[in-house]
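Take a look at the structure below.
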Amino acid sequence: MPKIVLASASVSRRRLLESAGLKPTIMVSHVDEETDFFNAMTPADMVIALAITKAHTIREQIDFPAIIIGCDSTFEFDSQSLGKPETPEIAIERASRVRGNSGLLHTGHCIIDTTKDKEISSIVTTKVTFDNMTDAEIADYVATGEPLHVAGGFTLDGFSSPFIPSIEGDYTNVVGISMPFVRKAFEQLGYSWPEVKVMQ
C-alpha cells in the first residue's frame with residue numbers, strides 16, 4: 001500500500017487526518033506563497049493553484065509509492081484574500097473588518113496517487129459568520145498569538161471559536177482540510193475508506 005504524505009506543516013490538518021484514523025507522513029513543501037503570480041489570482045484560484053503546486057513539489061522529492069495531499073486555505077472577504085496576518089497590527093485590523101460580517105473560507109485540495117499516476121483536485125468553500133467583537137475582545141484574542149499564522153486570522157478550534165456563531169458548510173474545511181472531500185477523493189482513486197486507514 002502507498003504511504004499517505006501530507007504536504008503541509010499544519011498541525012490542524014495533521015490532527016484532522018489522525019482523528020479520522022489516518023497516519024500521514026509529514027513533508028513540508030516550502031513553496032513560496034507570496035509571489036506576484038499567486039497574488040494576482042482570485043482567492044479561490046489561488047488556493048487551488050497553491051495546493052497543486054505543493055503536492056507536485058513533494059512528488060518530485062519522493063521515490064516511494066505515495067498518496068500526496070496538498071492543501072492551501074484563505075479567507076475571502078469583500079473579494080479580497082485574507083491569508084495569514086503574521087503581525088498583531090494586521091490581525092487587529094482584519095478582525096475589526098470582519099466582525100459582525102460573513103466571509104468565505106476556501107481550501108484548495110490536491111491529491112496525487114503516484115502508484116496509479118492519478119490526480120484529483122478541488123476547492124471546498126465554507127461561509128463563516130462572526131459576532132460583533134469589541135475592541136477589547138479583539139485585542140485580547142490577538143494577544144494570544146493564535147491568529148497570526150492561520151488563514152483569515154481565526155480558527156474554529158481555538159480561542160476565536162466563541163466569536164463564530166455559525167458556519168454554512170464543512171466544519172473540517174475551515175479547520176484546514178475537508179475530510180469528506182478526502183474520503184471521496186480516495187474512493188475515486190479506487191480505495192475504500194477501511195483500506196485508507198491502514199496506509200502507513
- [ ] Start with the C-alpha distance between Cys71 and Lys54, add both sets of side-chain angles, then the distance that settles side chain to side chain contact (heavy atoms under 4.5 Å, CB included), and finish with yes or no.
- [x] CA-CA 7 Å; Cys71 297; Lys54 291 176 181 180; over 6 Å; no
Open item on the list: Given 3.5 Å as the limit, does a donor-acceptor pair link the side chain of Asp140 with the main chain of Ile138, or not?
Closed with: no
When the side chains of residues 76-84 are checked against the rest of the protein, which donor-acceptor pairs come out under 3.5 Å, sequence neighbours left out?
from	atom 1	to	atom 2	distance (Å)
Glu76	OE1	His106	NE2	2.6
Gln80	OE1	Arg97	NH2	2.9
Ser81	OG	Thr74	OG1	2.5

Open item on the list: Nearest 0.5 Å, please: how far is OH in Tyr171 from OG1 in Thr126?
Closed with: 11.5 Å
TODO: Using the side chain to side chain contact (heavy atoms under 4.5 Å, CB included) rule, take Val196 and Ile67 through it: C-alpha gap first, then chi angles, then the decisive distance, then the call.
DONE: CA-CA 10 Å; Val196 175; Ile67 296 178; over 6 Å; no
Task: side-chain contact (heavy atoms from CB on, under 4.5 Å) involving Ser12 - partner list, sequence neighbours excluded - done: Ser10, Asp157, Val175
TODO: Please name all residues satisfying salt bridge (charged side-chain N to carboxylate O under 4.0 Å, His left out) with Arg59, sequence neighbours left out, ordered by chain then number.
DONE: Asp117
Task: Any donor-acceptor N/O pair, Thr129 side chain to Ser102 backbone, under 3.5 Å - done: no
Open item on the list: With a 3.5 Å distance limit and no angle check, can you tell me whether Asp170 reaches the backbone of Ser178 through a side-chain donor-acceptor pair?
Closed with: no
Task: For Cys110 against Ala51, the heavy-atom pair lying closest together - done: CB-O, 3.6 Å
Task: Minimal non-hydrogen separation, Pro24 against Leu6, with atom names - done: CB-CB, 4.1 Å
Task: More than 12 heavy atoms from other groups under 6.0 Å of NZ on Lys184 - done: no
- [ ] Assess whether atom CZ of Phe64 is packed by more than 12 heavy atoms of other residues, nucleotides or ligands within 6.0 Å.
- [x] yes
Task: Thr57 versus Thr53, closest heavy-atom pair with distance - done: OG1-O, 2.7 Å
Task: Donor-acceptor contact present, side-chain Arg13 to main-chain Gly176, <3.5 Å - done: yes
Open item on the list: side chain to side chain contact (heavy atoms under 4.5 Å, CB included) for Gln188 and Lys118? Distances and angles first, verdict last.
Closed with: CA-CA 10 Å; Gln188 290 179 50; Lys118 291 184 178 180; over 6 Å; no
- [ ] Please confirm whether the backbone N or O of Thr115 pairs with a side-chain atom of Asp113, one donor and one acceptor, at under 3.5 Å?
- [x] yes
Task: Minimum-distance pair of heavy atoms, taken over all atoms of Arg99 and Thr134 - done: NH1-C, 3.7 Å
Open item on the list: Ignoring hydrogens, what is the shortest heavy-atom contact between Ile68 and Ala55? Give both atom names and the distance.
Closed with: CG2-O, 3.8 Å
- [ ] Tell me, please, which residues at least two apart from Arg94 pass salt bridge (charged side-chain N to carboxylate O under 4.0 Å, His left out).
- [x] none
Task: Qualifying residues under ring pair (Phe, Tyr, Trp, His ring centres under 6.0 Å), relative to Phe181, sequence neighbours excluded - done: His109
Task: Side-chain heavy atoms of Phe38 within contact of Val47, under 4.5 Å - done: no
- [ ] Find out whether Leu148 and Pro88 are in side-chain contact, i.e. whether some heavy atom of one side chain is under 4.5 Å from a heavy atom of the other.
- [x] yes
Task: Listed partners of Lys127 passing salt bridge (charged side-chain N to carboxylate O under 4.0 Å, His left out), at least two apart - done: Glu168
TODO: Answer yes or no: does atom CZ of Phe163 have more than 12 heavy-atom neighbours from other residues, nucleotides or ligands under 6.0 Å?
DONE: yes
Open item on the list: Just checking Phe130 against Phe154, ring centres under 6.0 Å apart?
Closed with: yes
Task: Ile69/Phe186 under side chain to side chain contact (heavy atoms under 4.5 Å, CB included): CA gap, chis, key distance, verdict - done: CA-CA 11 Å; Ile69 304 174; Phe186 272 98; 4.3 Å; yes
Open item on the list: Could you check whether any side-chain heavy atom of Leu104 comes within less than 4.5 Å of a side-chain heavy atom of Phe75, counting everything from C-beta outward?
Closed with: no
